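Structure, as structure tokens:
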Amino acid sequence: MTDTNPAAEGTDTLTRLEQEGEIAADYLEGLLDIADLDGDIDMDVEADRAAVSIIGDTSSRDLQKLVGRDGEVLEALQELTRLAVHRETGDRSRLMLDIAGYRARKREQLTKIGAKAAEEARGTGEPVKLDPMTPFERKVVHDAVAAAGLRSESEGEEPQRRVVVLPA
């Protein structure tokens with residue numbers, strides 16, 4: 001009979017996520033050095049995943065190059081960072097990367113979009129289909145819709161996958 005201690009499991013998970021953050025930070029430090037870019041690395045654990053941010057000192061214009069158009073470069077760097085963590089740990093990582101506050105600002109906008117779509121679906125009684133989004137964007141919208149007390153689902157195939165907000 002195995003005795004599992006939830007507190008110990010929580011500590012193990014936290015330690016593992018902190019280790020992921022450390023590996024990611026080392027990888028990103030190397031990347032910043034190679035690219036000759038300045039930035040501080042901040043690590044945290046949010047919603048059961050490691051969260052790593054690259055923060056600009058004064059003008060984060062240089063860091064915008066690492067975000068790219070519509071966050072495309074950021075998404076690619078996140079995947080590369082996850083691969084670096086996987087190479088070290090052997091485990092798949094769900095690490096989130098933010099650069100120069102891009103994801104934080106995006107999360108704020110998407111939360112408003114989700115709340116507005118929920119309001120519209122509630123008012124019209126009709127499903128509301130949103131524009132195609134990345135998995136990160138859809139997750140934020142689904143959370144905002146749930147917070148507004150409605151349900152949502154994703155439909156379509158990547159890269160045209162979108163959120164549909166369902167009326168009550």
Side-chain angles (χ1 to χ4, degrees), residues 6 9-10 12-14 16-21 23-25 27-28 31 41-55 60 63-168:
E9 282 179 23
D12 290 348
T13 299
L14 183 61
R16 182 179 53 76
L17 293 174
E18 287 172 343
Q19 179 191 16
E20 280 187 20
I23 293 166
Y27 176 78
L28 292 165
L31 184 82
I41 308 237
D42 184 41
M43 294 175 297
D44 201 359
V45 173
E46 298 172 359
D48 292 336
R49 63 172 56 184
V52 179
S53 300
I54 300 175
I55 303 160
S60 56
L63 291 182
Q64 291 305 317
K65 295 173 188 170
L66 297 179
V67 173
R69 191 180 54 132
D70 296 329
E72 289 172 342
V73 177
L74 171 58
E75 290 290 333
L77 286 174
Q78 178 175 277
E79 273 313 302
L80 289 171
T81 305
R82 286 176 174 178
L83 286 170
V85 170
H86 177 71
R87 187 184 65 222
E88 291 286 320
T89 65
D91 294 326
R92 183 178 170 274
S93 173
R94 295 177 52 234
L95 175 129
M96 286 295 288
L97 175 62
D98 192 6
I99 299 174
Y102 176 82
R103 279 203 201 275
R105 288 187 304 277
K106 191 77 172 171
R107 180 176 279 124
E108 212 173 284
Q109 293 169 343
L110 291 165
T111 299
K112 289 177 185 171
I113 289 169
K116 186 176 177 187
E119 198 176 293
E120 184 181 333
R122 185 176 284 122
T124 65
E126 296 291 320
V128 176
K129 290 185 179 191
L130 299 175
D131 291 335
M133 298 178 181
T134 66
F136 161 75
E137 293 168 336
R138 290 193 309 269
K139 168 82 171 93
V140 173
V141 171
H142 285 305
D143 290 348
V145 170
L150 291 182
R151 284 185 338 100
S152 59
E153 52 192 37
S154 293
E155 71 176 25
E157 299 295 321
E158 295 293 352
Q160 295 301 312
R161 198 153 170 82
R162 69 183 68 238
V163 173
V164 178
V165 181
L166 304 170

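Only this structure's heavy atoms are used, side chains among them; waters, hydrogens and symmetry mates stay out. What you are looking at is a predicted structure, and each value in this text was computed from that prediction instead of being measured. All residue numbers refer to positions in the sequence shown, counting from 1.
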Identify every side-chain donor-acceptor pair in residues 132-139 under 3.5 Å, counting partners at least two apart or on other chains, and give the distances.
{"unit_1": "Thr134", "atom_1": "OG1", "unit_2": "Glu137", "atom_2": "N", "d": "3.2"}
{"unit_1": "Thr134", "atom_1": "OG1", "unit_2": "Glu137", "atom_2": "OE1", "d": "3.4"}
{"unit_1": "Glu137", "atom_1": "OE1", "unit_2": "Thr134", "atom_2": "N", "d": "2.8"}
{"unit_1": "Glu137", "atom_1": "OE2", "unit_2": "Lys106", "atom_2": "NZ", "d": "3.4"}
{"unit_1": "Arg138", "atom_1": "NH1", "unit_2": "Met133", "atom_2": "O", "d": "2.7"}
{"unit_1": "Arg138", "atom_1": "NH1", "unit_2": "Glu158", "atom_2": "OE2", "d": "3.1"}
{"unit_1": "Arg138", "atom_1": "NH2", "unit_2": "Glu158", "atom_2": "OE2", "d": "2.8"}
{"unit_1": "Lys139", "atom_1": "NZ", "unit_2": "Asp143", "atom_2": "OD1", "d": "3.0"}
{"unit_1": "Lys139", "atom_1": "NZ", "unit_2": "Asp143", "atom_2": "OD2", "d": "2.8"}

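- Closest heavy-atom contact between Val140 and Leu110: CG1-CB, 3.6 Å.
- Judged purely by atom type and a 3.5 angstrom limit, Arg162 uses its side chain to pair as donor or acceptor with the backbone of Leu130.
- Proximity of Leu28 to Val52: side-chain heavy atoms (C-beta onward) are separated by under 4.5 Å at one or more points.
- In plain terms, the two heavy atoms of Leu166 and Pro127 that are nearest each other are CD2-CB, 4.4 Å.
- The line from CG of Leu150 to CD of Glu119 is 10.5 Å long, rounded to the nearest 0.5 Å.
- The residues Glu120 and Lys116 are annotated as not salt-bridged, no charged nitrogen and carboxylate oxygen being separated by less than 4.0 angstrom.
- In terms of heavy atoms, Gly21 sits closest to Ala50 at N-CB, 4.1 Å.
- The minimum heavy-atom distance linking Ala144 with Ala115 is given by the pair CB-N, 4.1 Å.
- Within the model, atoms CD1 of Ile41 and CD1 of Ile99 stand 9.0 Å from one another, a figure rounded to the nearest 0.5 Å.
- Screening residues 80-91 for side chain to side chain donor-acceptor pair (under 3.5 Å), with sequence neighbours left out, gives Glu79-Arg82.
- Rounding to the nearest 0.5 Å places CG of Leu17 at 9.0 Å from CZ of Arg94.
- Here CD1 of Ile113 is found 9.0 Å from OG1 of Thr111. Values are rounded to the nearest 0.5 Å.
- Closest non-hydrogen pair, Ile23 versus Ala84, comes out as CG2-O, 4.1 Å.
- Distance CG/Leu77 to CD1/Ile54: 7.0 Å, rounded to 0.5 Å.
- Side-chain atoms of Arg105 come within 3.5 Å of backbone N or O of Gly101 as a donor-acceptor pair.
- Interatomic distance, Tyr27 OH to Leu83 CG, rounded to the nearest 0.5 Å: 8.0 Å.
- For Glu155, the CD atom counts as densely surrounded, since its 6.0 Å shell holds more than 12 non-hydrogen atoms of other residues, nucleotides or ligands.
- Residues Gln78 and Glu75 meet the side-chain proximity criterion, which asks for heavy atoms closer than 4.5 Å.
- Among all heavy-atom pairs drawn from Ala121 and Val165, the shortest one is CB-CG1, 3.9 Å.
- Side-chain atoms of Glu46 never come within 3.5 Å of backbone atoms of Ala51 as a donor-acceptor pair (strictly under, hydrogens ignored).
- Between the Arg161 side chain and the Gly156 main chain, a donor and an acceptor come within less than 3.5 Å of each other.
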Check: Is there a side chain to side chain contact (heavy atoms under 4.5 Å, CB included) between His142 and Ser154 once you walk through the steps?
Finding: CA-CA 9 Å; His142 285 305; Ser154 293; 2.9 Å; yes

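- A donor-acceptor contact shorter than 3.5 Å links the side chain of Asp98 to the backbone of Arg103.
- With Arg16 as reference, Glu20 is the one residue of Gln19, Glu20, Glu18 to meet the side chain to side chain donor-acceptor pair (under 3.5 Å) rule.
- Within 6.0 Å of CZ in Arg151 there are 12 or fewer heavy atoms belonging to other residues, nucleotides or ligands.
- For the residue pair Gln64 / Arg69, no side-chain donor-acceptor distance below 3.5 Å is found, with atom types taken as modelled.
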